[in-house]
Amino acid sequence: MRVSGRSARAELWDRIAASDPGLLRLTAGLRTVCAIALTLAVLAVLATDVSHLVAGAIAAMVATFAIREKERPEQAVTLALGLPVALASVSLGALLRSHVVAGDIFFVALIFSAVYGRRFGDRGTALGLIGFQVYFLSLFVGATVSALPGLCGTIVLAFGSSALVRFALVPETPAGILDRLRRAFRARFAQLLSAQVALLDAGPDDREKALDEARARTAALHETAMMIQGWLEQGTSDEAVARLVQRRIADAEITAERLGLLLLTARSTERADTLTLHLPGAPLPSGGPLAEHDGTTATLRRDLEALRLLLLQPISEARGTGLAQVRNRLLGYREEDNLPPGPTAVQDVFRGIGEASRAVLGLRMALEGPQDETDDTPATTRSREELHAEDAAISGSEEAQEEERTGLKRPTTRAAVQVAVGSSLAIVGGEFISSQRWYWAVLTCWIVFINTASTGEILVKGYRRLLGTVFGVVAGIVLAGLVGHHTWTAFALVLVFIFAMFYTAPLSFTLMSFFVTAMLGLLYTLLHTYSTTVLVMRIEETALGAACGIVAAALVLPVHTDRRTDELLATVLTRLGDVTDAAVDQLSGGPAVDLLDKARDLDQALADLRASTQPLTHPITPLRARRDTARYIVAMLETCAYHARSLAATAELLPEHPSIAADPRLRVAGRRIVANIAAIAAHVEDDHGTVRIETGPSITSMLKPGTLGAPRYDRVTDRVLRHLQRLDEAVAGLARPLKVPVDKPD
């Protein structure tokens with residue numbers, strides 16, 4: 001039966017929502033541009049000179065992007081506190097302009113305080129950023145004591161414009177952001193289903209491309225789930241609602257990833273390795289049961305497209321017999337009697353579609369409220385009853401507290417010392433290049449330390465900053481020649497570049513640096529200080545600042561990439577062990593704990609590890625073997641995290657789910673896995689230790705299928721055992737690249 005298609009407008013909106021989850025980048029760029037435009041409009045009416053226009057634009061930009069709190073009252077307080085900080089900073093910049101040594105010492109002290117202030121959370125970070133950037137503003141426009149009243153008035157106007165745009169013209173609430181993130185999750189889920197259809201149809205020449213697309217879409221779905229996790233507390237009415245949304249998002253994410261693995265297995269002559277979805281370069285299996293069943297392939301394609309439609313269809317359009325029949329058919333695949341005839345691997349794909357349909361139904365119930373139950377079949381009714389039972393069992397729990405580091409071991413203190421030393425070197429070196437533009441070196445040194453934690457990360461960020469600056473200088477030279485001294489045309493282009501800078505910042509640091517440098521070329525033109533020499537000097541100062549940052553990071557309280565990755569690897573393994581142990585214990589009849597939060601803590605630790613390995617996996621690294629090893633370890637850990645998440649999601653269904661019952665014998669299966677994870681973590685922390693991991697009989701041989709849960713739904717049992725088996729294999733697979741000794745069974 002044909003289901004009506006969606007409008008082109010809805011499809012376009014879904015694409016935008018998927019490309020920019022929560023529209024966070026769009027909102028940040030739009031809000032900043034509006035604040036600058038409003039400031040410039042008022043200054044133009046007041047007939048101020050170009051230097052005040054430039055100062056107003058920079059101040060409005062800083063006042064807008066520095067505020068990071070999620071709640072509006074906290075944003076208002078930080079913005080109010082930021083104004084006196086900005087006024088004090090610009091005043092000191094003007095007063096110390098003629099006192100070179102004193103000015104340099106204060107600048108270094110300000111930089112240290114700004115970085116150290118990050119330990120006080122978003123407000124400390126914002127106030128430090130405002131102080132530093134406004135002092136930089138005073139240097140950029142050449143602030144003097146006589147010009148202070150006008151500059152202070154301009155800054156007050158810029159902060160007022162920023163407040164007006166933030167709280168009135170472009171308002172944003174945590175609930176609104178969370179709602180858009182939910183829409184982005186559904187859109188990315190739909191994109192993953194489209195990628196899985198392409199994977200199903202891929203021929204020999206298209207296999208690698210289809211698999212890469214499926215990997216990218218799976219990672220994008222996971223990224224959105226993590227973003228939703230970060231906004232649940234502020235964006236929901238109470239803890240129970242937050243837990244419900246978290247549960248449904250986790251279900252949908254896990255079933256979507258499982259469906260991809262089942263498709264790979266159906267395309268293979270043997271069960272697909274989970275690494276295929278996680279390790280770049282892993283080959284796509286060929287042959288398999290689907291190769292000989294064209295009719296089954298067509299049915300799978302139809303059902304995947306139907307699932308995608310059900311996921312995206314607005315609730316106002318989701319009523320009607322046609323859609324209900326499609327939903328009922330897909331949910332019917334959860335019943336053994338409704339599965340199409342075929343090999344077990346192909347039937348597993350249909351089961352996966354049924355489970356994904358149940359997850360979509362639960363997602364819609366959690367996000368959109370009650371659904372039309374008029375045309376429900378028994379299979380659909382059973383799915384609803386299961387979801388309602390799970391919803392009733394959801395409750396909150398306390399969060400674990402981590403030990404805080406003190407002294408120079410605290411990351412903010414260490415970074416503050418490093419950036420202060422690096423900035424001092426940049427000031428001295430910058431003076432040799434230019435006594436007027438030395439602050440560009442300091443700015444670069446400051447920027448390469450933001451959101452970095454190791455020497456390798458700073459090296460990569462400095463390289464990207466320099467690359468973007470070089471291309472931005474070329475663009476700046478071209479644009480300065482085209483725009484000339486047409487003030488408002490130049491300002492219009494400045495606004496375009498600022499929007500592009502904020503929109504691309506989370507995607508590419510190189511692109512952001514390009515737009516910043518191109519914008520500066522226009523600002524220099526407006527200040528009548530433009531020349532090719534000035535822009536080339538910008539490259540020199542940028543290179544110097546990046547080098548000073550790298551030297552400071554390498555020599556002053558260094559955190560080498562190996563040490564940083566080892567620390568994060570140990571954290572990932574510890575949290576992996578916690579999730580696995582708690583899930584197995586709950587599946588064995590132990591007390592209920594907050595497994596989803598534990599799983600998300602594991603995901604966050606893995607994301608931190610993935611970011612820290614970028615210097616090792618960067619394309620320009622000369623250590624190819626080391627790069628491949630790092631990629632393999634991260635991929636293996638992603639596989640472990642997937643199976644641990646799946647176990648946690650299944651364990652949280654106890655005791656409300658009618659198809660799952662606790663089985664104490666699972667403790668035997670989980671004991672070896674948890675012990676091996678702990679042994680690997682101990683080896684990472686001390687590679688001179690004598691720990692070893694143990695191997696032995698497979699999990700499936702230790703526990704026969706059918707012992708967990710009611711016989712009618714023994715597919716859940718098989719799934720639990722399969723996840724345990726794959727997790728056991730993946731943990732053992734980590735031993736080889738990490739050089740952990742293995743005790744083989746007698």
Side-chain angles (χ1 to χ4, degrees), residues 185-186 189-190 192-193 196-197 200 218 221-222 225 247-266 271-272 274 277 299-300 302-311 326-340 342 344-366 376-391 587 596 642-643 645-654 656-660 705 708-710 712-723 726:
F185 182 86
R186 289 166 58 172
F189 193 167
L192 176 56
L193 290 173
Q196 290 174 349
V197 171
L200 180 68
T218 302
L221 185 69
H222 181 65
R247 166 80 252 181
R248 296 298 163 233
I249 291 294
D251 278 346
E253 180 190 357
I254 291 169
T255 56
E257 192 167 1
R258 182 186 298 132
L259 182 56
L261 291 171
L262 293 173
L263 277 171
L264 287 175
T265 298
R271 182 170 296 279
T274 320
L277 263 188
T299 304
L300 282 176
R302 178 202 65 182
D303 289 341
L304 287 170
E305 291 289 357
L307 178 60
R308 178 179 178 274
L309 179 64
L310 289 177
L311 178 68
V326 170
R327 179 199 63 207
N328 293 339
R329 186 185 75 245
L330 299 184
L331 287 171
Y333 290 146
R334 301 184 68 223
E335 304 280 357
E336 295 294 318
D337 296 340
N338 295 330
L339 292 172
T344 302
V346 176
Q347 288 189 327
D348 280 343
V349 181
F350 284 104
R351 291 188 185 97
I353 291 176
E355 293 300 324
S357 302
R358 178 189 182 276
V360 170
L361 177 63
L363 195 63
R364 298 196 71 128
M365 290 170 60
D376 281 4
T377 61
T380 303
T381 300
R382 182 168 72 85
S383 295
R384 288 192 194 276
E385 291 174 349
E386 292 173 359
L387 292 167
H388 286 308
E390 293 168 17
D391 295 348
L587 286 167
L596 286 183
Y642 161 68
H643 292 296
R645 283 198 307 270
S646 299
L647 288 172
T650 305
E652 282 229 333
L653 300 179
L654 290 171
E656 303 299 333
H657 202 289
S659 67
I660 305 175
L708 179 71
R712 182 183 178 189
Y713 310 130
D714 60 0
R715 283 291 164 184
V716 176
T717 303
D718 296 343
R719 186 187 306 157
V720 170
L721 296 178
R722 188 159 59 243
H723 285 309
R726 292 301 186 188

*Steps toward side chain to side chain contact (heavy atoms under 4.5 Å, CB included) verdict (L309, V326)*: CA-CA 10 Å; L309 179 64; V326 170; over 6 Å; no
*Step by step, would you call R329 with R302 a side chain to side chain contact (heavy atoms under 4.5 Å, CB included)?*
CA-CA 12 Å; R329 186 185 75 245; R302 178 202 65 182; 3.3 Å; yes
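Distance check, rounded to the nearest 0.5 Å: CD of Q196 to CZ of R308 gives 12.0 Å. Between atom CD of residue E257 and atom CZ of residue R645 there is a gap of 5.5 Å, rounded to the nearest 0.5 Å. Atom OG of residue S383 and atom CG of residue L361 lie 6.5 Å apart, to the nearest 0.5 angstrom. Taking CZ from R722 and CG from L261, the interatomic distance works out to 9.5 Å, rounded to the nearest 0.5 Å. Atom CG of residue L300 and atom CG of residue L307 lie 12.0 Å apart, to the nearest 0.5 angstrom. A distance of 9.5 Å separates CG of L647 from CG of L721, quoted to the nearest 0.5 Å.
Listed by chain and residue number, nothing satisfies the side-chain contact (heavy atoms from CB on, under 4.5 Å) test with P378 (two or more places apart in sequence, or in another chain). With sequence neighbours excluded, the residues that form a side-chain hydrogen bond (donor to acceptor under 3.5 Å, both in side chains) with N328 are T380. By the side-chain contact (heavy atoms from CB on, under 4.5 Å) test, A225 is found to be paired with F185, I249, E253, R600, residues two or more places apart in sequence or in another chain being considered.
Between L310 and R327, the shortest heavy-atom contact is CD1-CA, 3.6 Å. Taking both residues in full, the closest heavy atoms of L311 and L193 are given as CD2-CD1, 4.4 Å, listed atom of the first, atom of the second, then distance. Closest non-hydrogen pair, A359 versus A252, comes out as CB-CA, 3.8 Å. Taking both residues in full, the closest heavy atoms of A266 and V349 are given as CB-CG2, 3.7 Å, listed atom of the first, atom of the second, then distance. The two residues Y333 and F350 have their closest heavy-atom pair at CB-O, 3.2 Å. What you find for L262 and G352 is that their closest heavy atoms are CD1-CA, 3.8 Å.
The shortest distance between side-chain heavy atoms of R384 and M365 falls below 4.5 Å. The shortest side-chain heavy-atom distance between T255 and V360 does not fall under the 4.5 Å cut-off. T650 places a side-chain heavy atom less than 4.5 Å from the side chain of L587. Side-chain contact between R258 and R351: absent, with no pair of heavy atoms (C-beta onward) separated by less than 4.5 Å. No side-chain heavy atom of L192 sits less than 4.5 Å from a side-chain heavy atom of L259.
Formation of a donor-acceptor pair under 3.5 Å by the R247 side chain with backbone atoms of A649 is found in this model. Remark: side-chain polar atoms of R334 are not paired, donor with acceptor, to backbone N or O of G354 under 3.5 angstrom.
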